[in-house]
S.K.: 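Here it is, the structure, as structure tokens.
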Amino acid sequence: MADLSGLSDEALAVFAFAAYHQLSSGQMVRSVVQKDGVGHKASDPAVEELKGRGLIEADGSEIRFTPQGEEALQGVISGIRGSR
């Protein structure tokens, strides 16, 4: 699994947000909204941090998980489920 140690809480929140959506929908999440236009947005420093680690790609409106980021997200979900 991709190493998420040392990430800021804001960067980890991107994974928490994606995990919430995957767990609540039952659908695999490969991307999340970066900025929704009504006040909700991922922190710019968090986005840069995750891009720098090769976990996401972002275009200002959408955050797409790279294969390494998708693997990390599945690890987060496994951890939540207690099945690591």
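Every value quoted in this text rests on a predicted model; they were computed, and no experiment measured them.
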S.K.: Please tell me whether Val33 and Phe65 are part of a single hydrophobic cluster in this structure, the criterion being side-chain heavy atoms less than 4.5 Å apart.
M.R.: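 In one cluster with Val33: Phe65, no.
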
S.K.: Out of curiosity, Arg30 CZ to Gln22 CD, how far, rounded to the nearest 0.5 Å?
M.R.: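 It is 9.0 Å, given to the nearest 0.5 Å.
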
S.K.: Return yes when atom CG of Asp59 has more than 12 non-hydrogen atoms of other residues, nucleotides or ligands closer than 6.0 Å, and no otherwise.
M.R.: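 More than 12 heavy atoms, drawn from other residues, nucleotides or ligands, come within 6.0 Å of this atom.
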
S.K.: Between Thr66 (side chain only) and Gly54 (backbone N and O only), is there a donor and an acceptor less than 3.5 Å apart?
M.R.: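 It does hold such a pair.
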
S.K.: Drop me the distance from Leu50's CG to Leu4's CG, to the nearest 0.5 angstrom.
M.R.: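 Between atom CG of Leu50 and atom CG of Leu4 there are 8.5 Å.
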
S.K.: Give, for atom CZ of Phe17 and atom CG of Leu73, the distance between the pair rounded to the nearest 0.5 Å.
M.R.: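 So the CZ of Phe17 and the CG of Leu73 are separated by 12.0 Å.
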
S.K.: Ser31 and side-chain hydrogen bond (donor to acceptor under 3.5 Å, both in side chains): which partner among Glu62, Glu70, Arg64?
M.R.: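 When Glu62, Glu70, Arg64 are each tested with Ser31, the side-chain hydrogen bond (donor to acceptor under 3.5 Å, both in side chains) holds only for Glu62.
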
S.K.: If you look at every heavy atom in Arg53 and Ser5, which pair is closest and at what distance?
M.R.: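 Shortest heavy-atom separation between Arg53 and Ser5 comes out as NH2-O, 3.2 Å.
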
S.K.: What are the two closest heavy atoms between Val29 and Ala18, and how far apart are they?
M.R.: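 Smallest interatomic distance, heavy atoms only, reads CG2-O, 3.9 Å.
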
S.K.: Strictly distance-based, threshold 3.5 Å: is any side-chain N or O of Gln34 a donor or acceptor partner for the main-chain N or O of Gly60?
M.R.: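 Here the side-chain-to-backbone pair exists.
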
S.K.: Begin with the C-alpha distance, continue with both residues' side-chain angles, and end with the deciding distance and a verdict on side-chain contact (heavy atoms from CB on, under 4.5 Å) for Lys35 and His40.
M.R.: CA-CA 6 Å; Lys35 184 186 288 187; His40 301 101; over 6 Å; no

S.K.: Can you get from Tyr20 to Leu55 by hopping between Ile, Leu, Val, Met, Phe, Trp and Tyr side chains that sit under 4.5 Å apart?
M.R.: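 In one cluster: no.
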
S.K.: Does a donor on one side chain sit under 3.5 Å from an acceptor on the other, for Glu49 and Ser8?
M.R.: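 Yes - a donor-acceptor pair under 3.5 Å links their side chains.
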
